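Notes follow the structure.
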Amino acid sequence: MSTEKGPNFLAEIIAEDVKNGKHGGRVLTRFPPEPNGYLHIGHSKSICLNFGIAQQFGGKTNLRFDDTNPEKEETEYVESIKADIKWLGFEWANEFYASDYFSKLYAFAVRLIEKNLAYVDDSSAEEIANMKGTPTTPGMESPYRLRTTEENLDLFARMRKGEFKDGEKVLRARIDMTSPNMHFRDPILYRIKHTDHHRTGSEWCIYPMYDFAHGQSDAIEEITHSICTLEFEVHRPLYEWFISKLELFPSHQYEFARLNLNYTVMSKRKLLQLVNDKHVSGWDDPRMPTISALRRRGYTPESIRNFAERVGVARRENIIDVGLLEFCVREDLNKKATRVMAVLDPLKMIIENYPEGKSEMLTTDNNTEDEKAGTREIPFSRELFIEADDFMETPEKKFFRLAPGKMVRLKSAFIVECTDFEKYENGKVSLIRARYVPESKSGQDTSGLQVKGVIHWVSAQHAVPAEIRLYERLFNVEDPSSEEGDFKEYINPDSLHILKNAMLEPSLKESKPGMLYQFMRKGYFTPDKDSSAEKLVFNRTVTLKDSFVKETTK
RNA sequence: UGACCGAUGGUGUAACUGGCAACACGUCUGAUUUUGAUUCAGAAGAGUCCAGGUUCGAGCCCUGGUCGGUCAACCA
């Protein structure tokens with residue numbers, strides 16, 4: 001939250017409410033995930049908004065799991081959601097579950113029946129759908145709509161006791177089948193599901209629908225500002241109808257536009273498909289837009305919070321350029337990441353005038369952006385690895401790296417000149433021969449030589465091998481969901497590149513997941529959860545900004 | 001041929017509630033640089049969906065359009 005931005009429209013509303021002493025100036029929000037999948041970057045916007053705005057006004061935020069559909073919800077998801085929110089840096093005031101309120105919600109339903117505002121309907125799902133009408137044509141009333149209160153009370157009690165099979169009966173509100181708002185056409189309140197619930201087990205066989213659970217849960221917790229996404233806007237009149245008829249705490253719902261990112265999908269349903277169909281290795285596959293994937297990939301909580309701040313909050317549809325997310329993580333990592341040398345595609349270089357068998361330690365900065373980060377020692381010797389694409393047999397204009405007869409600075413070491421090179425049968429360069437300038441040592445250079453290029457390197461005999469995973473966008477099109485056909489047709493087949501022969505400086509032997517590195521000139525990297533001392537595995541979080549590639553592709 | 005919501009540079013968000021459009025990302029120059037990174041300096045790019053109206057004055061208000069989104073799950 002480093003960037004100052006004016007208050008969004010929700011902050012303005014809340015500021016006004018606080019000023020007017022509404023709810024005694026109290027602010028209580030809630031973040032209400034359904035535990036049916038992992039949280040994604042879109043949720044992080046909602047999390048930052050709900051927790052952030054409450055914090056801003058001295059209020060608190062509840063975490064409430066909206067677990068009213070036992071068929072889709074699992075404890076694994078509950079745990080991942082809690083871990084993600086904590087990792088983002090937020091603390092909830094209370095951990096609640098809609099299922100905590102099943103008894104209260106049942107009593108609310110009974111109260112509605114008693115007020116003649118709800119009835120048990122024996123119609124099938126299909127019949128109910130048919131009687132519902134369409135947005136442009138009114139619905140029709142169910143033949144069961146006029147049952148007596150006594151009969152409804154009895155039937156509902158028997159639904160709860162398990163006397164009926166799934167789908168045999170539902171409880172519906174009695175409102176208005178001709179309402180232009182589809183949600184007022186006698187919405188279903190309770191359905192029968194003989195399914196065990198992740199928390200209540202087999203205690204219930206009837207479960208409330210979202211509309212009959214969410215607003216009442218807000219009211220029970222005395223949520224002052226219930227913030228959700230735009231698609232729930234048409235539910236608001238119903239939200240208010242239940243609160244009013246049941247005479248509950250007047251929580252109020254406010255909507256904002258959800259976050260969309262280009263080159264990815266942002267619905268739990270679609271993400272679940274990617275996981276189930278094995279297009280990715282799991283919910284935390286680093287190519288996924290989930291919070292757990294971003295964490296695994298090396299994103300920091302600060303960068304995501306800053307991103308959430310920068311995208312703003314409004315009521316219009318938007319698709320954020322993933323470049324902004326990348327900017328935010330680079331900005332944060334630039335301050336934090338330890339600079340190290342790692343050769344992703346090694347090419348052997350022999351320095352012919354450097355004594356065989358000799359090696360020396362050279363000093364280098366851990367982070368030029370951070371004085372306090374200090375320095376460390378790295379070994380230098382006669383045989384090195386350099387990056388294969390830092391050498392060109394016939395250099396193009398403006399290529400100021402290595403080429404036959406050309407000089408380049410080895411970062412934190414010496415200036416070298418390429419004297420010769422060798423090739424494999426296939427024409428690929430196999431070896432560079434060079435000579436170094438002994439008096440050009442970094443920090444004590446008396447050679448007087450000026451070279452434009454600086455390249456990274458590792459000492460061959462000291463280097464540690466590693467696997468490096470490079471990621472690109474998961475989809476080839478900006479908005480896979482809006483394209484023709486199935487969104488999976490637009491998956492980028494080259495979104496993962498695995499480099500198996502990378503060579504790292506020896507200090508990286510000590511690396512562990514969670515540690516942040518910049519592989520100099522190559523990008524930001526972090527050890528994957530698969531990484532171990534025996535086999536190092538790194539994820540590329542994001543590349544460095546690179547004006548040279550653009551130059552060459554012009 | 002319904003109801004509700006929205007429309008500001010390429011993207012996203014502002015505009016002190018009516019006073020001739022700002023910030024960020026991106027793009028493009030140039031400087032610095034032992035990371036073609038960072039940093040620094042600068043530039044281009046919208047006249048606010050359209051048409052009327054109110055007003056001395058409209059991105060903000062009114063009217064009518066246009067375009068986009070949402071709503072017809074016993075999902076949330």
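All values below were derived from every heavy atom in this structure, side-chain atoms included, with hydrogens, water molecules and symmetry-related copies excluded. Sequence lines set the chain letters: A, B, ... in the order given, protein chains first and strands last, and positions in each chain run from 1. Everything numeric in this text was worked out from a predicted model, so none of it was measured.
- Looking at residues two or more places apart in sequence or on another chain, you find no salt bridge (Lys or Arg N to Asp or Glu O under 4.0 Å) involving A:R473.
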Mind listing the N/O atom pairs, protein and nucleotides 39-49 of chain B, below 3.5 Å?
none

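- The CZ atom of A:R409 sits 14 Å away from the P atom of B:U33 (whole-angstrom rounding).
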Represent RNA chain B in dot-bracket notation, 5' to 3'. Only Watson-Crick or G-U wobble pairs with both distances under 3.5 Å count; pseudoknot-style crossings use [ ] and interstrand partners use |. .((((((..((((.....[..)))).(((((.......))))).....(((((..]....))))))))))).....
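- Between the side chain of A:R310 and the base of B:G12, no donor-acceptor pair under 3.5 Å is found.
- Nearest to the side chain of A:R315, among B:G36, B:A37, B:G6, sits B:G6.
- A:E141 pairs by the salt bridge (Lys or Arg N to Asp or Glu O under 4.0 Å) definition with A:R145, not counting sequence neighbours.
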Going 5' to 3' through nucleotides 70-76 of chain B and flagging B where a protein heavy-atom sits under 4.0 Å of the base, S where only the sugar-phosphate is that close, and - otherwise, we get SSB-BSB
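- Atom CD in A:Q253 sits roughly 13 Å away from atom C1' in B:C4 (whole-Å rounding).
- Every residue meeting the salt bridge (Lys or Arg N to Asp or Glu O under 4.0 Å) condition with A:R172, not counting sequence neighbours, appears here in chain and number order: A:D121.
- Between A:Y517 and A:F538, the ring planes lie perpendicular to each other; the angle is over 60°, past the 30° to 60° tilted range.
- Residues passing the ring pair (Phe, Tyr, Trp, His ring centres under 6.0 Å) test with A:F96, sequence neighbours excluded: none.
- You won't find any donor-acceptor pair under 3.5 Å spanning the side chain of A:R521 and the base of B:U35, going by distance alone.
- When rounded to the nearest whole Å, the span between CG of A:N318 and P of B:G6 equals 15 Å.
- Among the atoms of the strands shown, none is found under 4.0 Å from any heavy atom of A:R185.
- Counting atom types as modelled, A:T368 pairs no side-chain N or O with a base atom of B:U33 as donor and acceptor under 3.5 Å.
- As rounded to the nearest Å, B:U13 and B:G18 have P atoms that lie 22 Å from one another.
- A cation-pi contact, defined as under 6.0 Å to the ring centre and within 45° of the axis, is absent between A:K268 and A:Y38.
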Name each donor-acceptor pair under 3.5 Å that joins a side chain in residues 407-416 of chain A to protein atoms two or more places apart or in another chain, with its distance.
{"residue": "A:R409", "atom": "NH1", "partner": "A:A413", "partner atom": "O", "Å": "2.7"}
{"residue": "A:R409", "atom": "NH1", "partner": "A:S440", "partner atom": "O", "Å": "2.6"}
{"residue": "A:R409", "atom": "NH2", "partner": "A:S440", "partner atom": "O", "Å": "3.3"}
{"residue": "A:R409", "atom": "NH2", "partner": "A:D445", "partner atom": "OD2", "Å": "2.8"}
{"residue": "A:S412", "atom": "OG", "partner": "A:T364", "partner atom": "OG1", "Å": "2.7"}

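- As judged by a 4.0 angstrom heavy-atom cut-off over every strand, A:F399 is placed among the base-contacting residues.
- Here A:I455 lies out of heavy-atom contact (under 4.0 Å) with every strand.
- Identified under the side chain to side chain donor-acceptor pair (under 3.5 Å) test for residues 449-458 of chain A, with sequence neighbours left out: A:E387-A:H456, A:H456-A:R521.
- Note on ring orientation: taking the six-membered ring where Trp is involved, the planes of A:F212 and A:F242 are perpendicular (angle over 60°, cut-offs 30° and 60°).
- A search for salt bridge (Lys or Arg N to Asp or Glu O under 4.0 Å) contacts involving A:K193 returns A:E71, not counting sequence neighbours.
- Classification of B:U63 as anti follows from a glycosidic angle more than 90° from 0.
- Closest to the side chain of A:E233, out of B:U35, B:C5, B:U11, is B:C5.
- The salt bridge (charged side-chain N to carboxylate O under 4.0 Å, His left out) pairs that include a residue from residues 32-46 of chain A number zero, where partners must be two or more places apart or lie in different chains.
- Considering A:F102, A:Y190, A:Y106, A:Y101 as possible partners of A:Y207, the one that fulfils the ring-ring contact (aromatic ring centres under 6.0 Å, His included) test is A:F102.
- As rounded to whole Å, 15 Å separates atom C1' of B:U35 from atom CG of A:N366.
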Distances for protein N/O vs nucleotides 14-16 of chain B N/O pairs under 3.5 angstrom?
{"residue": "B:A14", "atom": "OP1", "partner": "A:V313", "partner atom": "O", "Å": "3.3"}

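- For the pair A:R330 and A:A257, both in contact range of RNA chain B, the more 5′-proximal nearest nucleotide belongs to A:A257.
- Checked for salt-bridge contact, A:R376 and A:E505 meet the test: a charged N lies under 4.0 Å from a carboxylate O.
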When you look at A:D100 and A:R199, which way does the salt bridge (charged side-chain N to carboxylate O under 4.0 Å, His left out) test go after all the steps? CA-CA 9 Å; A:D100 294 338; A:R199 297 196 88 230; 2.9 Å; yes
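- As rounded to whole Å, 13 Å separates atom C1' of B:A3 from atom CG of A:D176.
- Regarding A:R258, its CZ atom lies at a distance of 16 Å from the C1' atom of B:G6, rounded to whole Å.
- A:E309 places its CD atom 15 Å from the P atom of B:C25, with the value rounded to the nearest Å.
- Taking the ring centroids of A:H214 and A:Y210, they lie under the 6.0 Å cut-off.
- Using a 4.0 Å heavy-atom cutoff across all strands shown, A:G443 reaches at least one base atom of the nucleic acid.
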